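Counting begins at 1 with the first residue of the sequence. Just so it is clear, the structure is predicted and the values come from calculations on it, not from any experiment.
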Amino acid sequence: MASNVNPTVRRRRLGMELRRLREQKGMTAEEVAERLLVSQSKISRLENGRRSISQRDVRDLCGVYEVEDQRLVDSLMQMAKDSRQQGWWHAFGDVPYSVYIGLETDAASLRVYDPQVVPGLLQTRPYAEALIAGALPETTPGDIDRRVQVRLRRQERISAPESPLRLWTVLDEAALRRVVGNRSLMREQLEYLVEQSQLPHVTVQVIPFDLGAHPGLNGQYAILEFPDASDSSVVYIEGVTSDLYLEKPTDVQKYSVMYEHLRAQALNVDQSRQFIAGIAKEYAQLRPQ
């Protein structure tokens, strides 16, 4: 597959265009489903980009919507073809959060809040291995290695020479204090976190315990924004058996406002860097575990 073709993003853009055509026609998803003798859930999945869209699906939908512009039909058909290609992550087998990886791969910026662990894009390999093994105790060594390889590949967006991902991370102190692996491993992880935080496109802030209650107590989430104005921002919330993607402007706005409160209440960049370095020194002074 060409490196500039992201099937996840193609599906999403195509789904948005098909929804626009349906709404322009003044039809409900249920009415379209009845016309095509398919389920309403299929139409919804096609429009939200969570399901592969075949060229036949596009042809049938364009027929229902009476699209007369053949150039538009051809463009949508090409998008459907591109959306069925495979992204780089498919080479690693069945990746449980492949939809998210596809979005992250094309994102221009990412805002992350994590109350428990260091975000994947800023993890060292030993930390990632220990974290996955601890969080998924039934995972085989081979699967752990595969997941780590995917995580390291994702990190290439941070070090990309052109258009690197703009990353803003807010961490709870618990993510720094939780000993994943051992204290020596944690020291190396926090030192790496300090090092990465000095990159011009990476910002790391910490919310210390003594801040008390704050807007992030409901849990981890990420906000992805894209370079193309036609791609709306997405809020991603990771789950145990399924993930949640919020794209409604009102939902994205609520999480964005909450993130701004987190950034305002957290230690500033320099204070956060000193705070992380201080905990790293504590790990270095303690007896190895």
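Rounding to the nearest 0.5 angstrom, the gap separating the CG atom in L167 from the NE2 atom in H201 is 8.0 Å. Annotation: the span from T124 atom OG1 to Q196 atom CD amounts to 10.5 Å, rounded to 0.5 Å. A distance of 11.0 Å separates CD in E129 from CD in Q123, rounded to the nearest 0.5 Å. Interatomic distance, CG of L18 versus CG of L61, reported as 5.5 Å (0.5 Å rounding). Rounding to the nearest 0.5 Å places CD of Q285 at 11.0 Å from CZ of R187. Rounded to the nearest 0.5 Å, atoms SG (C62) and CD (Q55) are 11.5 Å apart.
Ring-plane geometry between Y113 and H214 is classed as perpendicular, the angle between the planes exceeding 60 degrees on a 0 to 90 degree scale with a lower cut at 30.
Taken together through direct or relayed side-chain contacts under 4.5 Å among Ile, Leu, Val, Met, Phe, Trp and Tyr, L199 and L122 form part of one hydrophobic cluster. V257 and I237 are assigned to two separate hydrophobic clusters, defined by single-linkage of ILVMFWY side chains at heavy-atom distances under 4.5 Å. Tracing side-chain contacts under 4.5 Å through hydrophobic residues (I, L, V, M, F, W, Y), one reaches L244 starting from V252; they form part of the same cluster.
In terms of heavy atoms, Q155 sits closest to G120 at NE2-O, 2.9 Å. Closest non-hydrogen pair, L190 versus I276, comes out as O-CG2, 3.6 Å. The heavy-atom pair separating F209 from E173 by the smallest distance is N-OE1, 2.7 Å. Taking all atoms of both residues into account, the shortest heavy-atom contact from E31 to M27 is OE1-CA, 3.2 Å. Nearest approach of A175 to M186, heavy atoms of both residues: O-CE, 4.2 Å. Closest heavy-atom contact between A130 and L185: CB-CD1, 4.2 Å.
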Give the table of side-chain donor-acceptor pairs shorter than 3.5 Å for residues 263-271, with sequence neighbours excluded, one pair per line with atom names and distance.
{"residue": "R263", "atom": "NH1", "partner": "E260", "partner atom": "OE2", "Å": "3.2"}
{"residue": "N268", "atom": "OD1", "partner": "D270", "partner atom": "N", "Å": "3.1"}
{"residue": "N268", "atom": "OD1", "partner": "Q271", "partner atom": "N", "Å": "2.7"}
{"residue": "N268", "atom": "ND2", "partner": "Q271", "partner atom": "OE1", "Å": "3.4"}
{"residue": "Q271", "atom": "OE1", "partner": "N268", "partner atom": "N", "Å": "3.1"}

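Every salt bridge (charged side-chain N to carboxylate O under 4.0 Å, His left out) that D145 has, sequence neighbours left out, goes to R125. Partners of Q220 according to the side chain to side chain donor-acceptor pair (under 3.5 Å) rule, which considers only residues two or more places apart in sequence or in another chain, do not exist here. With sequence neighbours excluded, no residue satisfies salt bridge (charged side-chain N to carboxylate O under 4.0 Å, His left out) with E188. Residues forming a side chain to side chain donor-acceptor pair (under 3.5 Å) with D60 (at least two apart in sequence, or on another chain): none. With sequence neighbours excluded, the residues that form a ring pair (Phe, Tyr, Trp, His ring centres under 6.0 Å) with Y255 are Y221. With sequence neighbours excluded, the residues that form a side chain to side chain donor-acceptor pair (under 3.5 Å) with R178 are Q116. With sequence neighbours excluded, the residues forming a side chain to side chain donor-acceptor pair (under 3.5 Å) with E104 are Y100, R154, listed by chain and number. For the salt bridge (charged side-chain N to carboxylate O under 4.0 Å, His left out) test, residues two or more places apart in sequence or in another chain that qualify with E156 are R153.
V64 has its side chain within reach of L36: a pair of non-hydrogen atoms, C-beta onward, lies under 4.5 Å apart. Here the side chains of L21 and L76 are in contact, with some heavy-atom distance below 4.5 Å. Put simply, the side chain of E225 reaches to within 4.5 Å of the side chain of R111, judged on heavy atoms. Residues L131 and R151 meet the side-chain proximity criterion, which asks for heavy atoms closer than 4.5 Å. Taking 4.5 Å as the limit, every side-chain heavy atom of I207 sits out of range of all side-chain heavy atoms of P115. Residues L14 and V58 meet the side-chain proximity criterion, which asks for heavy atoms closer than 4.5 Å. Side-chain contact between L121 and L165: present, with at least one pair of heavy atoms (C-beta onward) separated by less than 4.5 Å. Looking only at side-chain heavy atoms (C-beta outward), L193 and L171 come within less than 4.5 Å of each other.
At distances below 3.5 Å, not a single donor-acceptor pair connects side-chain atoms of Y236 with backbone N or O atoms of L103. Judged by distance alone, the side chain of Y283 and the main-chain N or O of N182 form no donor-acceptor pair under 3.5 Å. Although no hydrogens or angles enter the test, the distance criterion places no donor-acceptor pair under 3.5 Å between the side chain of Q40 and the main chain of A29. With hydrogens and angles ignored, the 3.5 Å screen pairs a side-chain donor or acceptor of Y259 with a backbone N or O of V112.
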- request: Report the C-alpha separation of D251 and V235 in whole Å, then their side-chain angles, then the decisive distance to 0.1 Å, and conclude whether the side chain to side chain contact (heavy atoms under 4.5 Å, CB included) test is met.
  value: CA-CA 8 Å; D251 291 336; V235 175; 5.8 Å; no
- prompt: Hey, mind stepping through Q70 and V73 against side chain to side chain contact (heavy atoms under 4.5 Å, CB included) and telling me if it holds?
  reply: CA-CA 5 Å; Q70 188 57 46; V73 175; 3.9 Å; yes
query: Step by step, would you call E282 with R177 a side chain to side chain contact (heavy atoms under 4.5 Å, CB included)?
result: CA-CA 10 Å; E282 291 178 24; R177 298 287 183 185; 2.7 Å; yes
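Looking only at atom types and distance, the side chain of R59 has no donor-acceptor partner in the side chain of S54 under 3.5 Å away. In this model, no donor atom of one side chain and acceptor atom of the other lie less than 3.5 Å apart for D74 and Q78. The closest side-chain donor-acceptor pair between S75 and R71, if any, does not fall under 3.5 angstrom.
Taking a 4.5 Å side-chain heavy-atom cut-off between Ile, Leu, Val, Met, Phe, Trp and Tyr, the cluster of L152 extends to I132, L136, I144, V148. Hydrophobic side-chain contacts under 4.5 Å tie Y192 to no other Ile, Leu, Val, Met, Phe, Trp or Tyr residue.
Under the salt bridge (Lys or Arg N to Asp or Glu O under 4.0 Å) criterion, the residue pairs touching residues 131-144 are D143-R146, with sequence neighbours excluded.
Heavy-atom contacts from other residues, nucleotides or ligands closer than 6.0 Å to CD of Q198 number more than 12.
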